[in-house]
Amino acid sequence: MAAAKQVNIAIIGAGGVGKCFLGQLETLAQRRPSPKLVLTYISTSKKAIYNSDYAAIAINDVSSKLASSSQVPLAPPKLIEYLKSSGSQTVLVDNTSSQDVADAYPLFLGNGISIVTPNKKAFSGSYKLWQDIFSAAEQSGAKVYHESSVGAGLPVISTLNDLVNTGDEVTKIEGVFSGTMSFLFNSFAPTSGKGGQWSAEVRKAKELGYTEPDPRDDLNGLDVARKLTILARLAGLEVESPTSFPVQSLIPKELESVATGDEFLEKLPAFDSQMEETKAAAEKEGKVVRFVGSIDVASKQVKVGLEKFDLSHPIAALKGSDNIISFYTKRYGSNPLIIQGAGAGGEVTAMGVTSDLIKVLSQIA
């Protein structure tokens, strides 16, 4: 088969990660002249830019052009039709967290359109969607990569795939999978010094931009549960959904239904004593408390919640908002393979997406 001279890029989502990805795509296109990377479609939830003759969209001023565009996004079936008719290989870059876009992945892949994405919902939704995505890719030959769906730019998924595909036996996966939770517990229950009040640390994390606009979206543990679902499936467990195993929420029952995130933060100090007791209990044992996820492959147990760790444990010694993921395997024995570093942020998340795009290009062009 003759090498493709041009690969079209279609992007959905131009927010935080999307903007960073656009910058990296521009650099990549300059650095790698072959195949020629041509941006032919880009959309936000309300606006889009595309040309009926597939003329290239200039990347450098695309954000301002999007803001003033009168075109609306194409629904997945129409977008597939448009991309397929170009006559060139196409990669869809989904920089959203949209379930609707995720649900359409099997359609895109079935029509030969490769996908790279940080969207967790595609790979942690129903087990049927997971199966449909990979069987559609297998049948059409299209590629699908989602490194940034766990650990942003950290090589978590590629490492796990390498372990599994080379025949190693993964026995356990454990770690801190949320930059938000890492930051919170490193400042609330540090290995040395006193640490702050729980509610004050949650407020500080929000002000620094570490939490979602409503911190309850981090504290309910679902973000970590989604990541665990993805890794458990890659390790061979048929996990049905992120709600099919124990997930500890750190939202006090009384505050689950308050109207806004701001009201939640106002009322949270009244519940500080609960978290203080948890911290004190760990300190009595000479330990610290951390919010972790673990997968025991042999017993098929997946769980997310608070655990106590010795001060010398790598999980206890984390700094800032870093993530740490430990892979216990037959080959690595009692010393796990550890991946550690920034697990959140626009540039590092986009790096994972760009890296996935490079992998796809090496296979299709």
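Scope of the values below: all heavy atoms of this structure, side chains included, with no hydrogens, waters or symmetry mates. Start at 1 with the first residue, then count along the sequence.
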Using a 4.5 Å cut-off on heavy atoms from C-beta on, say whether the side chain of [Y] contacts that of [X].
X	Y	value
S140	N111	no
V144	F123	yes
K65	I57	no
I80	F108	yes
L129	Q99	yes

| field | From L255, I251, T211, residue fulfilling side chain to side chain contact (heavy atoms under 4.5 Å, CB included) relative to L219 | value |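 Of the listed residues L255, I251, T211, the side chain to side chain contact (heavy atoms under 4.5 Å, CB included) partner of L219 is I251.
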Is the closest side-chain donor-acceptor distance between [X] and [Y] under 3.5 Å?
X	Y	value
S88	S86	no
T329	D168	yes
T166	D162	no
Y41	T90	no
Y145	Q363	yes

Side-chain donor/acceptor of [X] to backbone N/O of [Y], under 3.5 Å:
X	Y	result
N220	L222	yes
K279	F188	yes
Y50	S43	no
R226	S149	no
T349	G345	yes
T180	Y210	yes
N119	S98	yes
T171	Y328	yes

Between [X] and [Y], is there a side-chain N and carboxylate O pair less than 4.0 Å apart?
X	Y	result
E201	K204	yes
K267	E263	yes
K359	D356	yes

| query | Just how far is it from atom CD of E347 to atom CD of Q24, taken to the nearest 0.5 Å? | reply |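 So the CD of E347 and the CD of Q24 are separated by 5.0 Å.
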Closest contact, heavy atoms only, [X] versus [Y]:
X	Y	answer
F177	K227	O-NZ, 2.8 Å
A14	L66	CB-CD1, 3.9 Å
L83	T40	CD2-OG1, 4.4 Å
P106	A136	O-CB, 3.5 Å
I364	S114	CG2-OG, 4.3 Å
P35	Q6	CB-N, 4.2 Å

| Where does the angle between the aromatic ring planes of H146 and W130 fall among parallel (under 30°), tilted (30 to 60°) and perpendicular (over 60°)? |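 Perpendicular: the ring planes of H146 and W130 meet at over 60°.
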